[in-house]
Amino acid sequence: QVCEPRLLAAAQRQLAHTSGEALAGTHALCAMLLASLEPARALKHLDDGVAAAPIERVLWLRSAFRAKSAKLDHGMLQASLVDLYLARDAAPRTAEGDRRRRTYGHCASKLLFGLGRDADAARELQDFIDSARDSDDEYERSQLSKALYESVPYLNSHARKNFDRAEEVQATLPQHLRDNVKEQRAIASMVLNIMNVSGTGHLGSVGRFRMGEAVVLSGLARSEYNGQQGTVKAVRDDGRREVLLESGKVFAVKASNLADPAASRIEKSKAKVDKEAKRAAA
C-alpha cells in the first residue's frame with residue numbers, strides 16, 4: 001500500500017535502458033508501486049507498457065486498473081473489457097495458460113454485467129463454470145463456487161442446480177477460502193428465496209440437505225418411498241442427494257423431493273387439523 005521511493009526511482013531509471021517486453025514489465029512495476037498513491041501516473045505507466053509490448057500480464061494489469069477506476073464510467077468498463085479479451089488471447093496454450101483464460105472469462109462476465117450485456121455475461125459465466133468444474137486447484141475451486149453462486153440471479157433455469165453444486169464445492173474448501181464466498185452465498189440464498197424456485201411457497205429444499213442431514217422423502221412418483229426417512233450420504237454434481245434410508249437402501253433424489261423430518265411432522269399435523277375442521281363443518 002505504501003510506495004517505496006528508492007525502488008520506484010530505480011525502476012524509473014531502468015526505463016531508459018530497456019525495450020520491448022522488458023520495458024513493458026518495468027512500466028508495470030512502476031504502475032504497481034504508484035497504484036495506491038498516484039493512480040493517474042500508474043495508469044500512464046500501464047498505457048506506456050502496453051505501447052511498448054502488449055503482453056498478457058500488462059494488459060491484465062491495465063484491465064484490472066481500469067475496472068477498479070471505472071465506477072459508473074461505461075467507457076472505462078468497455079476499455080477494461082477489451083484489455084481483458086486481449087490478455088486472454090495472449091495467454092499461452094499451456095495448463096497454466098488455460099487456467100488464466102478461465103479466470104479472464106470469469107472477470108469478463110462481471111464487466112459485461114456492469115455494461116448491461118446480461119446475455120453475454122451469463123454465457124461467459126456459464127463457460128467458466130463448465131471449464132472449471134473438474135479443477136483440483138483449491139483457489140480455482142473457490143472461484144468456481146463463487147461463480148456458481150453468482151450465476152443464480154442470471155441463469156434461472158439452472159439456479160437451484162448451480163446453488164446446490166456451489167454448496168458442495170465450498171464444503172470441500174479450507175475455511176479461509178470458504179470465508180471468501182460468504183457474501184456471494186448469502187446473496188444467492190436470498191435470491192432463491194425471492195424466486196421461490198422450489199415452488200413450495202418458501203425456500204424449501206434449495207441449498208439445504210447437506211451430507212449427514214436427516215431427511216424424509218416426499219412428492220415422489222413411486223409413492224411407496226414417500227414418508228421414508230434417511231440420511232444424506234452424498235451430493236451429486238447434478239444436485240441430487242444420495243439418501244441412505246432406514247431400511248438400508250440408497251436412493252438418489254432431487255433436493256425438491258426432500259423435507260426436514262420435523263417440518264414434515266408439522267405439515268402432517270396441520271393437514272390433519274384442516275381435514276377434521278372441514279369434516280366438522282360438513
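These values consider heavy atoms only, across backbone and side chains, with no hydrogens, waters or symmetry-generated copies.
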Under the salt bridge (Lys or Arg N to Asp or Glu O under 4.0 Å) criterion, do R123 and D120 qualify, and how do the steps go?
CA-CA 5 Å; R123 185 166 53 251; D120 292 334; 2.4 Å; yes
Could you walk me through whether E138 and R141 pass salt bridge (Lys or Arg N to Asp or Glu O under 4.0 Å), step by step?
CA-CA 5 Å; E138 279 189 345; R141 286 178 64 77; over 6 Å; no
Apply side chain to side chain contact (heavy atoms under 4.5 Å, CB included) to the pair Q228 and F251, showing each step before the final yes or no.
CA-CA 11 Å; Q228 293 198 33; F251 204 65; over 6 Å; no
Side chain to side chain contact (heavy atoms under 4.5 Å, CB included) between L125 and H106: does it pass, once the steps are laid out?
CA-CA 6 Å; L125 195 56; H106 187 195; 3.8 Å; yes
Does the side chain to side chain contact (heavy atoms under 4.5 Å, CB included) test come out yes or no for R88 and L84, once each step is laid out?
CA-CA 6 Å; R88 183 163 69 175; L84 194 58; over 6 Å; no
Applying side chain to side chain contact (heavy atoms under 4.5 Å, CB included), run through Y104 and S63 and close with a yes or a no.
CA-CA 10 Å; Y104 297 154; S63 172; over 6 Å; no
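For Q14, the CD atom is densely surrounded, since the number of other residues' heavy atoms within 6.0 Å is greater than 12.
The side chain to side chain contact (heavy atoms under 4.5 Å, CB included) test applied to A79 returns R66, not counting sequence neighbours. Applying the salt bridge (charged side-chain N to carboxylate O under 4.0 Å, His left out) test to R93 and every residue at least two apart in sequence or in another chain returns nothing.
Shortest non-hydrogen contact noted between A35 and F65 is CB-CE1, 3.9 Å. Taking all atoms of both residues into account, the shortest heavy-atom contact from L115 to L77 is CD2-CB, 3.7 Å. The nearest pair of heavy atoms linking K249 to Y225 is NZ-OH, 3.7 Å. Across S145 and V181, no two heavy atoms sit closer than the pair OG-CG2, 4.2 Å. Summarising the geometry of I129 relative to L148, their closest heavy-atom pair is CG2-CD2, 3.6 Å, with the distance given to 0.1 Å. Nearest heavy-atom pair, L46 versus A28, reported as atom, atom and distance to 0.1 Å: CD2-CA, 4.2 Å.
Considering only heavy atoms from C-beta on, T231 stays 4.5 Å or farther from V215 through its side chain. Under the 4.5 Å side-chain criterion, counting only non-hydrogen atoms from C-beta, R165 is in contact with R133. Counting only heavy atoms from C-beta outward, the side chains of V50 and R62 approach each other to under 4.5 Å. Side chains of Q143 and D137 form no contact here, defined as non-hydrogen atoms less than 4.5 Å apart.
To the nearest 0.5 Å, atom CD of residue Q184 and atom CD of residue E150 are 5.5 Å apart. One finds the CG atom of D83 at 11.0 Å from the CH2 atom of W60 (value rounded to the nearest 0.5 Å). Here L34 contributes atom CG and L43 contributes atom CG; the two are 11.5 Å apart, rounded to the nearest 0.5 Å. Put simply, CZ on R101 and CG on D127 are 13.5 Å apart, with the number rounded to the nearest 0.5 Å. Residue L177 holds its CG atom at 9.0 Å from OH of Y139, rounded to the nearest 0.5 Å. The structure places OG of S151 at 11.5 Å from CZ of F128, a figure rounded to the nearest 0.5 Å.
Relative orientation of the H27 and H45 rings is tilted, given thresholds of 30° and 60° on the angle between their planes.
L112 and Y154 fall into different hydrophobic clusters, where Ile, Leu, Val, Met, Phe, Trp and Tyr side chains are chained together by heavy-atom contacts under 4.5 Å. Under the 4.5 Å side-chain heavy-atom criterion for Ile, Leu, Val, Met, Phe, Trp and Tyr, Y149 and V191 are members of the same hydrophobic cluster. L15 and M32 are assigned to two separate hydrophobic clusters, defined by single-linkage of ILVMFWY side chains at heavy-atom distances under 4.5 Å. At a threshold of 4.5 Å between side-chain heavy atoms, the hydrophobic network of Ile, Leu, Val, Met, Phe, Trp and Tyr places V243 and V250 in two separate groups. F113 and M76 fall into different hydrophobic clusters, where Ile, Leu, Val, Met, Phe, Trp and Tyr side chains are chained together by heavy-atom contacts under 4.5 Å.
Side-chain atoms of T172 come within 3.5 Å of backbone atoms of V169 as a donor-acceptor pair (strictly under, hydrogens ignored). Judged by distance alone, with hydrogens and angles left aside, the side-chain atoms of N162 form no donor-acceptor pair with the main-chain N or O of V152 at under 3.5 Å. Put simply, the side chain of N257 never gets that close to the backbone of L217: no donor and acceptor are under 3.5 Å apart.
Using a 3.5 Å distance cut-off with no hydrogens or angles, the side chains of N180 and S142 do not pair a donor with an acceptor.
Remark: K161 does not engage D164 in a salt bridge, criterion side-chain N to carboxylate O under 4.0 Å. Remark: K110 does not engage E124 in a salt bridge, criterion side-chain N to carboxylate O under 4.0 Å. R99 has a carboxylate O that lies under 4.0 Å from a charged side-chain N of E96, or vice versa, which qualifies the two as a salt bridge. Ion pair D179/K182 flagged as a salt bridge, since at least one NZ, NE, NH1 or NH2 atom sits closer than 4.0 Å to an Asp/Glu carboxylate oxygen. D48 has a carboxylate O that lies under 4.0 Å from a charged side-chain N of K44, or vice versa, which qualifies the two as a salt bridge. Using a 4.0 Å cut-off between charged nitrogen and carboxylate oxygen, E56 and R100 count as a salt-bridge pair.
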